[in-house]
2 protein chains.
Amino acid sequence: MIIMHWPNRPVYVYYFRQLIGSMQITSKFTVAVHILTCIEVFGGQMRVTSEFLSGSTGVNAVIIRNVLGLLREAGIVETRQGSSGAHLTRSLDKITLYDIYLAVECIDDDGLFRFHENPNAQCPVGRNIHKVMDSRLAAAQTAMENELKNTTLADIVTETQQLINHEEKR
Amino acid sequence: MIIMHWPNRPVYVYYFRQLIGSMQITSKFTVAVHILTCIEVFGGQMRVTSEFLSGSTGVNAVIIRNVLGLLREAGIVETRQGSSGAHLTRSLDKITLYDIYLAVECIDDDGLFRFHENPNAQCPVGRNIHKVMDSRLAAAQTAMENELKNTTLADIVTETQQLINHEEKR
DNA sequence: CAAGTTGTAATCATGATGGTTACAGTTTGT
DNA sequence: ACAAACTGTAACCATCATGATTACAACTTG
């Protein structure tokens with residue numbers, strides 16, 4: 001508890017609270033894309049287990065299962081307990097990076113930009129600045145998300161296959 | 001150290017390392033915009049000290065001074081040790097949200113999206129997926145940043161003043 | 001010269017991320 | 001039916017980033 005002096009106004013009491021919440025785009029997102037690509041590329045040839053995917057991504061098998069769980073909840077893959085081999089629920093060109101981004105919950109409800117939580121309502125700027133910035137920051141976030149809608153898993157898999165084929169020619 | 005078995009390939013040794021680095025858009029960004037707005041709105045009427053700005057933002061005065069330091073390094077404000085009252089170095093319409101975003105170093109060099117760090121180079125997908133995703137994720141980040149260039153401090157201050165005036169009319 | 005202010009280093013508390021262990025429940029091959 | 005393999009999930013841990021806080025030297029101003 002800290003006593004603040006505000007110009008031309010009575011002294012009042014103000015609580016500082018720890019700024020909480022964070023806003024990062026988890027590596028789960030790129031892991032998810034990696035996983036889905038593997039399911040498509042290796043699905044016909046071998047059993048794509050969480051252990052297998054752990055080997056390809058370098059990410060712990062439990063984390064892989066968690067990510068697969070998120071993708072399952074989002075209706076992107078189907079998995080069954082005890083049975084190996086997740087498979088996609090729809091064609092590659094119907095799955096955008098944005099769908100995956102949503103599935104792995106990259107961004108929480110507060111949005112991409114973290115806002116300082118305790119602007120002073122006694123201050124005319126403090127009680128209005130949030131409102132003013134909000135639409136602009138939301139627009140920036142939306143611009144990023146819309147760009148993610150422009151790429152599908154089909155694009156990713158195709159380009160990956162091309163790189164692999166190119167490797168083998170050499 | 002974990003021994004991994006990769007299908008049709010010899011057993012090899014693999015190191016798991018903690019995934020490091022984070023990618024969040026600090027609240028320093030919105031704090032910086034808040035601060036700059038206060039400097040413009042209150043600059044003529046009173047001494048806008050770090051303590052004053054702390055009162056308006058609800059953010060610790062030391063953090064305020066750190067943010068002001070970043071804005072000074074970026075050439076957006078001028079401050080002098082011992083002397084209160086930061087002031088802007090150029091007109092409001094020459095300062096975009098993107099300039100402020102750059103100043104407070106919201107995003108490190110690795111980019112907005114965090115990539116899992118240890119994709120397996122023995123796996124054809126593992127050694128190519130990074131390359132494939134990179135340009136797409138960079139494009140998404142750029143879309144967001146370009147949107148930030150569309151708003152200037154002049155816009156923010158003008159709209160804030162309008163809200164304040166509207167309050168006083170009631 | 002005293003009071004007020006900035007610049008900055010150092011330390012701390014908290015929260016988020018991902019690694020790891022453990023195990024129950026399910027599937028599959030024989 | 002049964003053992004082996006696999007998934008789903010909870011629980012706990014280590015590490016890192018953020019911002020709060022204390023402290024103090026250096027500078028400015030009246």
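We name chains A, B, ... by the order of the sequence lines, and we start the count at 1 in each one. Keep in mind that the numbers below use all heavy atoms, side chains included, and drop hydrogens, waters and symmetry copies.
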Kindly give the atom pairs (protein nitrogen or oxygen, nucleotide nitrogen or oxygen) under 3.5 Å for nucleotides 9-11 of chain C.
none

Residue pairs involving residues 70-95 of chain A (criterion salt bridge (Lys or Arg N to Asp or Glu O under 4.0 Å); sequence neighbours excluded) = R90(A)-D99(A)

Selection residues 130-164 of chain B - residue pairs positive for ring pair (Phe, Tyr, Trp, His ring centres under 6.0 Å), sequence neighbours left out = F115(B)-H130(B)

S84(B) vs dT6(C): side-chain N/O to OP1/OP2 distance below 4.0 Å = no

Residue R114(A), side-chain heavy atoms: nucleotide from dT17(C), dT28(D), dG19(D) that is nearest = dG19(D)

What is the distance, rounded to the nearest whole Å, between atom CG of N60(B) and atom P of dG7(C)?
-> 15 Å

Starting at CZ of R65(B) and ending at P of dA26(D), how long is that distance when rounded to a whole Å?
-> 16 Å

For T49(B) and for G82(A), locate the closest nucleotide of DNA chain C by heavy-atom distance; then report the residue assigned to the nucleotide nearer the 5' terminus.
-> T49(B)

Under the side-chain hydrogen bond (donor to acceptor under 3.5 Å, both in side chains) rule, collect the residues that match up with N128(B), sequence neighbours excluded.
-> E167(A)

So, does S54(A) use its side chain to make a donor-acceptor pair with the main chain of V59(A) at under 3.5 Å?
-> yes

Take the protein atom CG of D110(A) and the nucleotide atom C1' of dT18(D), then report the distance between them rounded to whole Å.
-> 16 Å

Using whole Å, report how far CE of M46(B) lies from P of dG4(C).
-> 18 Å

Among the candidates dT21(D), dG19(D), dT27(C), find the nucleotide nearest to the side-chain atoms of S83(A).
-> dT27(C)

ring-ring contact (aromatic ring centres under 6.0 Å, His included) filter on H87(A), not counting sequence neighbours, yields none

What's the CD-P distance between E51(B) and dG7(C), to the nearest Å?
-> 14 Å

Counting only non-hydrogen atoms, which of residues 68-80 of chain A are less than 4.0 Å from DNA chain D?
-> R72(A), T79(A), R80(A)

Between C1' of dA17(D) and CD1 of I25(A), the distance in whole Å = 16 Å

Candidates dT6(C), dG19(C), dG19(D) - which lies nearest the side chain of K28(B) = dG19(D)

Do L53(A) and L68(A) come close enough that some side-chain heavy atom pair is under 4.5 Å?
-> yes

Gap between atoms CD1 and P, on I64(A) and dT9(D) respectively (whole Å) = 16 Å

Tell me the ring pair (Phe, Tyr, Trp, His ring centres under 6.0 Å) pairs involving residues 59-85 of chain B, sequence neighbours left out?
-> none

Do any pairs count as a salt bridge (Lys or Arg N to Asp or Glu O under 4.0 Å) and have a residue in residues 144-160 of chain B, sequence neighbours left out, and if so which ones?
-> R136(A)-E159(B)

Results of side-chain hydrogen bond (donor to acceptor under 3.5 Å, both in side chains) for S50(A) - residues two or more places apart only = R65(A)

Can you tell me how far C1' of dA17(D) sits from CZ of F29(B), to the nearest Å?
-> 19 Å

Donor-acceptor pair present, Q81(A) side chain and dT26(C) base, under 3.5 Å | no

